[in-house]
Amino acid sequence: MGFRNKQWPWFAHPSQNGREKNATLLLENAGYECYLPVSKFTRRWSDRVKEVEVPLFPGYLFCRMNPHNRLPVLMTPGVIQIVGVGKTPIPVAEEEIAAIQRVGKSGLPTMPWPYLEVGHVVTIEEGPLCGLAGIVSRSSPD
């Protein structure tokens, strides 16, 4: 564990699709604790079959960081922003990260589930915006 993240919470970071692994490695090399949940599946090409890993949440990675010193994270190639409300980053609960890690360690097959699509109506069930409804305008950062 690096010096920058001993007591800091987890934050979700939208990243450029296909650059999640690279951004995670760069952040870890800078001393941050990161987590990129992946799902494994078998991919078949015309000449071979190979097991590949893809992000469980395409376009996102998780990183512990000081929310008051976020510039080094935002300057990391591949990282787009920090999930939050306006300019205020919102941490991901420790229990949520622990649950995702338990699923990953279970050995059970996992895969992204695209149940939210552009145009779907959603209602916020917890937090300060509880009860508000909205329409999904985009499904992942580009």
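All values below were derived from every heavy atom in this structure, side-chain atoms included, with hydrogens, water molecules and symmetry-related copies excluded. Predicted model, so just to flag it, every value in this text is computed and none were measured.
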All side-chain contact (heavy atoms from CB on, under 4.5 Å) counterparts of [X], not counting sequence neighbours:
{"X": "A93", "answer": "E95, E96"}
{"X": "R43", "answer": "F41, W45, V52"}
{"X": "N22", "answer": "R19, L26"}

Tracing side-chain links under 4.5 Å among I, L, V, M, F, W and Y, which residues wind up in one group with V49?
-> none
Show your reasoning for whether side chain to side chain contact (heavy atoms under 4.5 Å, CB included) applies to I90 and V83.
-> CA-CA 6 Å; I90 303 295; V83 172; 5.6 Å; no
Which distance, rounded to the nearest 0.5 Å, do you find between the [atom1] of [X] and the [atom2] of [Y]?
{"X": "T88", "Y": "I82", "atom1": "OG1", "atom2": "CD1", "result": "11.0 Å"}
{"X": "Y32", "Y": "L61", "atom1": "OH", "atom2": "CG", "result": "12.5 Å"}
{"X": "R70", "Y": "C63", "atom1": "CZ", "atom2": "SG", "result": "13.5 Å"}
{"X": "H13", "Y": "L36", "atom1": "NE2", "atom2": "CG", "result": "12.0 Å"}

Sub-4.5 Å side-chain heavy-atom contact between [X] and [Y]:
{"X": "H120", "Y": "I135", "value": "no"}
{"X": "C34", "Y": "F62", "value": "no"}
{"X": "W8", "Y": "P91", "value": "no"}
{"X": "Y60", "Y": "S15", "value": "no"}

Of all heavy-atom pairs between V79 and A23, which one has the smallest distance, and what is that distance?
-> CG2-CB, 4.1 Å
With hydrophobic residues grouped by side-chain heavy-atom distances under 4.5 Å, do V38 and L27 end up in a single group?
-> yes
Is there a side chain to side chain contact (heavy atoms under 4.5 Å, CB included) between Q16 and I80 once you walk through the steps?
-> CA-CA 7 Å; Q16 294 171 338; I80 297 172; 4.1 Å; yes
Quick one: salt bridge (Lys or Arg N to Asp or Glu O under 4.0 Å) partners of E94, sequence neighbours excluded?
-> R64
Report the C-alpha separation of Y35 and I97 in whole Å, then their side-chain angles, then the decisive distance to 0.1 Å, and conclude whether the side chain to side chain contact (heavy atoms under 4.5 Å, CB included) test is met.
-> CA-CA 9 Å; Y35 179 52; I97 298 294; 4.2 Å; yes
From CA spacing to verdict: side chain to side chain contact (heavy atoms under 4.5 Å, CB included), L132, T123 | CA-CA 6 Å; L132 292 179; T123 303; over 6 Å; no
Do T24 side-chain atoms and E20 backbone N/O form a donor-acceptor pair below 3.5 Å?
-> yes
Output every pair passing salt bridge (Lys or Arg N to Asp or Glu O under 4.0 Å) with a member in residues 46-60, not counting sequence neighbours, ordered by first then second residue.
-> K40-E53
